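Predicted model, so just to flag it, every value in this text is computed and none were measured. Heavy-atom basis, side chains included; hydrogens, waters and symmetry copies ignored. Reminder, nothing fancy here: chain letters follow the sequence lines and each chain counts from 1.
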Number of protein chains: 2
Amino acid sequence: METKERIMKEALTLFFKRGVKAVSMDDVAAHLGVSKKTIYKWFVNKDELVFESIQEYVQAMEQTCCGTIEGANNALEALFQILEMVRGLMREVHPSIFYDLQKYHAKAWQLWLDHKNGFFLQQTKENIQRGIEEKLFRQDVDVEIVSRLRLAEVELGFNSEVYPVAQFDLQQVQIALLEHFLFGIATIKGHKLINQYKQITEEE
Amino acid sequence: METKERIMKEALTLFFKRGVKAVSMDDVAAHLGVSKKTIYKWFVNKDELVFESIQEYVQAMEQTCCGTIEGANNALEALFQILEMVRGLMREVHPSIFYDLQKYHAKAWQLWLDHKNGFFLQQTKENIQRGIEEKLFRQDVDVEIVSRLRLAEVELGFNSEVYPVAQFDLQQVQIALLEHFLFGIATIKGHKLINQYKQITEEE
DNA sequence: ACTTTGGAAACATGAAAAGTTTCCATGCGT
DNA sequence: ACGCATGGAAACTTTTCATGTTTCCAAAGT
């Protein structure tokens, strides 16, 4: 693997596990078993390392999302597969990562905002629209309002004022929120299909 | 009506319509057609006027909520009536009121936080629990996570980063969020009952 | 190992609103 | 009619808050 890639990958791992602020360039270097010099050979400064790592990550994420959504048989299955993805991603993530980006890495935060309000919002709206056409999601959901809710929920899950780290598990929270969201837009037909995916039998 | 009450009522009206920061003591006095002297006769300072007005409001709110929930035939109907209440309340509210309290009136904000994390959280949890027992809400909803979501949604609706004033109507947003929440926790049986309340027929 | 940088914290500044005082018109009891 | 309490208008002082500057230290960067 190319050195630059290795650096970004390791940095990202550390950022996710401990937050961005809490990880120094010395840390990254130490974990890679290289000197800081090597890192600065590839990245002008920490800000850029953060930016490029996050960019790489977000882009990979978008690819996966696109693939998942296109591959899904219907809008509901798409969201269900996203749920599985989230389960994997949220295994070990430090909640401060969002806060740190916002506070100390304006460029990287802007990148996230752009993708959130651009790609992810668009994707979410389209998928909900698709679900409505498939009669899996209710016709009377306000797509604009509800899709923004979904994006806000992601960040809400990271908010340790609402879900204190001591009491809640980030992974569980994210999954519960996504699942609740899914039921929130589903028709009865959609609801039954979710039960099928979840292998739940529900009296009517 | 007692003078003190009249002052609080007018202040509250102005706070809701324009936000707290944007309303000066001169404004309140002018709107009442009295001098500041009269206001300061009843309230030591603005902070106290804000605090007492909000307290009055929150307490009235709790009374109404209690009555509503107790009077309802089931947990779902309770939430439905809350929805109607929200519709009335959100007719003309300036989104900045939450922000202003949080930033400039620590005591009043703490009051809101206390009631939110105390009474409202408790009430929400109990009502969801009740709904689960009535088989109207799904057994597998995580009550702790989802009730906190509901409280966060109220504040989310006021967040003009997510729902810009220019594009969204606060009343519509709040209603859409509450409705989505309701569907999000409902069983199929509950879902059908909602449709009944909404007078919607849905193919299955 | 050494220098530089960026952000937190402590410290100014000024404008606007909070809060106070003064003065005067009005109403009321004697 | 006179003194006295009340509260409004407005002039006045004080506080608050947004903005900007300086200092200092840990971590960035060499």
Atom OH of A/Tyr57 with >12 non-hydrogen neighbours under 6.0 angstrom | yes
Are B/Tyr104 and D/dA18 close enough that a side-chain N or O sits under 4.0 Å from OP1 or OP2?
-> yes
Rounded to the nearest angstrom, tell me the gap between atom CG in B/Asn45 and atom P in D/dT14.
-> 18 Å
Which of these passes side-chain contact (heavy atoms from CB on, under 4.5 Å) with A/His191: A/Thr187, A/Leu193, A/Asn195?
-> A/Asn195
May I have the distance from B/Ile7 (atom CD1) to D/dG7 (atom P), rounded to whole angstrom?
-> 11 Å
Can you tell me how far P of C/dG19 sits from CG of B/Asp27, to the nearest Å?
-> 14 Å
Which whole-number value in Å describes the distance from B/Glu48 CD to C/dA18 C1'?
-> 14 Å
Which of these nucleotides, C/dT22, D/dA28, D/dA18, is closest to any side-chain atom of A/Ser24?
-> D/dA28
Answer with base, sugar-phosphate or nothing: what part of the nucleic acid does B/Lys41 contact at a heavy-atom distance below 4.0 Å?
-> sugar-phosphate
Winner on side-chain proximity to A/Tyr40, out of D/dG8, D/dA28, C/dT20, is D/dA28
Does A/Ile145 offer a backbone N or O that forms a donor-acceptor pair with the side chain of B/Tyr163 under 3.5 Å?
-> yes
With sugar-phosphate meaning primed atoms plus P, OP1 and OP2, does A/Lys46 contact a base, only sugar-phosphate, or nothing at under 4.0 Å between heavy atoms?
-> sugar-phosphate
Taking the side chain as every heavy atom from C-beta outward, state whether A/His180 and B/Ile185 have any atom pair closer than 4.5 Å.
-> yes
For B/Lys37 and C/dC24, give me the distance from atom NZ to atom P, rounded to whole Å.
-> 13 Å
Upstream residue (5' side of DNA chain D) when A/Val23 and B/Gly33 are each assigned their closest nucleotide | B/Gly33
Starting from P on C/dT20, measure out to CD1 on B/Ile39 and report it in whole angstrom.
-> 13 Å
Tell me: CG of A/Asp26 to P of D/dT30, nearest whole Å?
-> 13 Å
Any side-chain heavy atom of A/Glu155 within less than 4.5 Å of one from A/Phe98?
-> yes
Separation of D/dG8 atom C1' from B/Lys36 atom NZ, nearest Å, is 13 Å
Give one of base, sugar-phosphate or nothing for A/Lys103, where a contact means two heavy atoms less than 4.0 Å apart.
-> sugar-phosphate
When you get a sec, tell me which of C/dT22, C/dA18, D/dC17 is the closest nucleotide to the side chain of B/Met25?
-> C/dA18
